[in-house]
Amino acid sequence: MVFVLIFLWTIAAVLLVNNPKNESTRWVAFSAFAAGGGGLSRAMTETAIPYLHTHELITPTIENILFKLHIIGSFMNHNGLPYCFLMFAISYSGFFNKQLKNKLACVLLIPIVIMLFNTPFYPDIKNNFRILFMWCVPYLLVGMTLLIVSYAKESIQLIKRNRFYIILFTFPPIIFQIFVNYTFKAFFDFEEVWRLMPLVITLLFMTFVILISKHGLLGVKLRFDNNKRESAMRAVTSGASALNHTIKNEIGKIDILSDRIKYEAERENPKPIVKDIDTIMDSTSHMLSMVDRIQKHSQEIILIPDYHKVCEIIESSIETSLPYLEKKNIDVVMHVKTHVEMYCDSVHMQEVLRNLIKNAAEAMEHNGQLRISAYETRKAIVIEIQDNGPGIDQEDLTRIFHPYFTTKNRSKNFGLGLAYCMNVMHKHDGKIDVQSKKGLGTTFILQIPITEQPV
């Protein structure tokens, strides 16, 4: 059982060290730590204490300390794991807001507090497995249900795949725990079945290593040939690429408008020239804002949110994207049906819309139509950007949000636009989704939670 302890606490340590700020990561790490309590308990009573007795190295004080560790580990395993796993599922599912999660974290602790005062700890811990079965198994089953439902409802293929990896990683040991630690001990005399736990945990550890090394799990992805300097260089390179992506878009507009200014100047028609100069000034102003706000890509995107009218953000994004739209004579239809002000960072949100509008313009033929609509649901403001272009291959739909993935000319495109959009939406606690059918166009759907403006 020493191996069970080492494997589970190693998983917990890796998750906490690599992604400590993520709430879901913390809860799954706490789950592994609590589950390791079972290994701690058995390691004390079956390995450490007998070994010290055999070599006559033990004293009453040391034995007392080790025995107390056994009691703490046993209680932590049987009572702490269900609570931590359910809180992980609540956090990871995305179905609950922060206020409700905090309330559930307190309410769901009640059975543990009751067990703390009703479990005999002397001379040895005596867990009441019938009572444990009554609340621990429902906790674990509800947690598993939340993960399954969140997987089934997820429409973004990249996130859906990550949710599948979480299920693959967590379900085998949880199912084993339900039967061995609770059901068998409560209703059947199968005490020795728990000795299969090292095999289950070994498989769990191998799955964990494979997932974080090949695909990433809970924001943690390891490459064993990396060092800190290489990681820092990748961060700097990524930051430069993100900045280049923004500058490339804006310079593209400046280039188009410069040609138009030259053409109109030759015709001595001042009104379009003034309008184009205003657009150039807006474009350069936006470039400077992005340079100032992105700072270093090695740092997280820092939002400066405020309340903004949805129609104004959409109109501004369309206005500064007109060079791309007019070049192909694309008709824009705007339909805003919400008066709720959106709590967001206007600079980053407009950049998201500009990216999506530009992508749509590039995808459509001349004389296409771009429809931008906004409405509100009970919990969110929804913005849809729909084009009538050729659509996206189903195979590519699963990868379009991956950094550096692009179906365009690689010498002119970095493949960072949609990855940036997803990052910004996540920072706003929102979502970005995509629906597309070959030959029928593509729709990007943005959802931002409604936040009531304080009086």
Side-chain angles (χ1 to χ4, degrees), residues 22 24 92-95 97 150-163 216 219 242 245-246 249 290 294 297 300-303 305 308 310 313-314 316-318 321 334 336 338 340 342-363 370-377 379-387 389 391-394 396-408 413-437 441-451:
N22 184 275
S24 301
Y92 188 72
S93 66
F95 298 147
N97 60 41
S150 67
Y151 166 77
K153 287 190 172 183
E154 184 57 62
S155 55
I156 299 175
Q157 292 301 316
L158 174 61
I159 301 177
K160 193 179 184 77
R161 186 186 67 181
N162 290 337
R163 292 189 183 278
H245 183 271
T246 299
N249 287 347
M290 285 300 296
I294 289 178
H297 194 63
E300 293 188 6
I301 291 174
I302 299 173
L303 300 183
H308 302 276
V310 178
I313 287 183
I314 295 176
S316 177
S317 302
I318 294 173
S321 301
M334 193 175 89
V336 178
T338 177
V340 176
M342 183 164 56
Y343 189 66
C344 68
D345 184 308
S346 61
V347 172
H348 284 296
M349 189 54 61
Q350 288 182 51
E351 182 66 14
V352 167
L353 292 175
R354 288 187 183 103
N355 271 288
L356 297 177
I357 291 171
K358 178 177 179 291
N359 286 350
E362 290 178 344
L370 179 67
R371 182 180 179 86
I372 302 178
S373 57
Y375 57 90
E376 63 189 77
T377 63
K379 295 183 178 181
I381 295 171
V382 182
I383 301 175
E384 296 184 356
I385 298 95
Q386 180 181 12
D387 67 58
I392 303 172
D393 290 331
Q394 292 300 309
D396 291 337
L397 272 178
T398 63
R399 298 181 290 166
I400 60 173
F401 292 105
H402 288 205
Y404 304 109
F405 174 78
T406 179
T407 58
K408 306 173 190 175
N413 293 278
F414 302 107
L416 288 170
L418 291 178
Y420 164 81
C421 293
M422 173 173 277
N423 193 6
V424 171
M425 294 305 297
H426 284 178
K427 290 292 180 182
H428 284 86
D429 292 327
K431 293 176 64 177
I432 180 170
D433 197 1
V434 59
Q435 297 174 356
S436 184
K437 288 187 178 180
T442 301
T443 303
F444 280 90
I445 304 166
L446 310 178
Q447 297 183 49
I448 298 180
I450 292 176
T451 304

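Heavy-atom basis, side chains included; hydrogens, waters and symmetry copies ignored.
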Supply the atom-to-atom distance [X] [atom1] to [Y] [atom2], rounded to the nearest 0.5 angstrom.
X	Y	atom1	atom2	answer
I448	M349	CD1	CE	3.0 Å
L370	Q386	CG	CD	9.0 Å
N359	I385	CG	CD1	10.5 Å
T451	M342	OG1	CE	11.0 Å
Q350	N355	CD	CG	12.5 Å
K437	I392	NZ	CD1	14.0 Å

A419 backbone acceptor or donor facing N423 side chain under 3.5 Å: no
Given the rule in the side chain to side chain contact (heavy atoms under 4.5 Å, CB included) test, do C344 and I313 qualify, once you have shown the distances and angles that lead to the verdict? CA-CA 10 Å; C344 68; I313 287 183; 3.5 Å; yes
For Y151, what residues pass the ring-ring contact (aromatic ring centres under 6.0 Å, His included) criterion, not counting sequence neighbours? none
Are L446 and L356 close enough, and set up right, to give a side chain to side chain contact (heavy atoms under 4.5 Å, CB included), and what steps lead you there? CA-CA 11 Å; L446 310 178; L356 297 177; 4.0 Å; yes
Flag for Y343-H428: side-chain donor and acceptor within less than 3.5 Å: no
Mind listing the closest non-hydrogen atom pair of [X] and [Y] along with its distance?
X	Y	answer
I381	V340	CD1-O, 3.8 Å
R354	S317	CG-O, 4.1 Å
G391	S436	CA-OG, 3.3 Å

Got a sec, which residues hit side-chain contact (heavy atoms from CB on, under 4.5 Å) with E384, two or more places apart in sequence or on another chain? S373, Y375, V382, T443, I445
For I318, all residues meeting side-chain contact (heavy atoms from CB on, under 4.5 Å), sequence neighbours excluded: I314, L322, L325, V332, M334, I357, I372
Evaluate F444 against I383 for side chain to side chain contact (heavy atoms under 4.5 Å, CB included), listing each step before the verdict. CA-CA 8 Å; F444 280 90; I383 301 175; over 6 Å; no
Could you check I432 against H426 for side chain to side chain contact (heavy atoms under 4.5 Å, CB included), going step by step and ending with a plain yes or no? CA-CA 8 Å; I432 180 170; H426 284 178; 5.6 Å; no
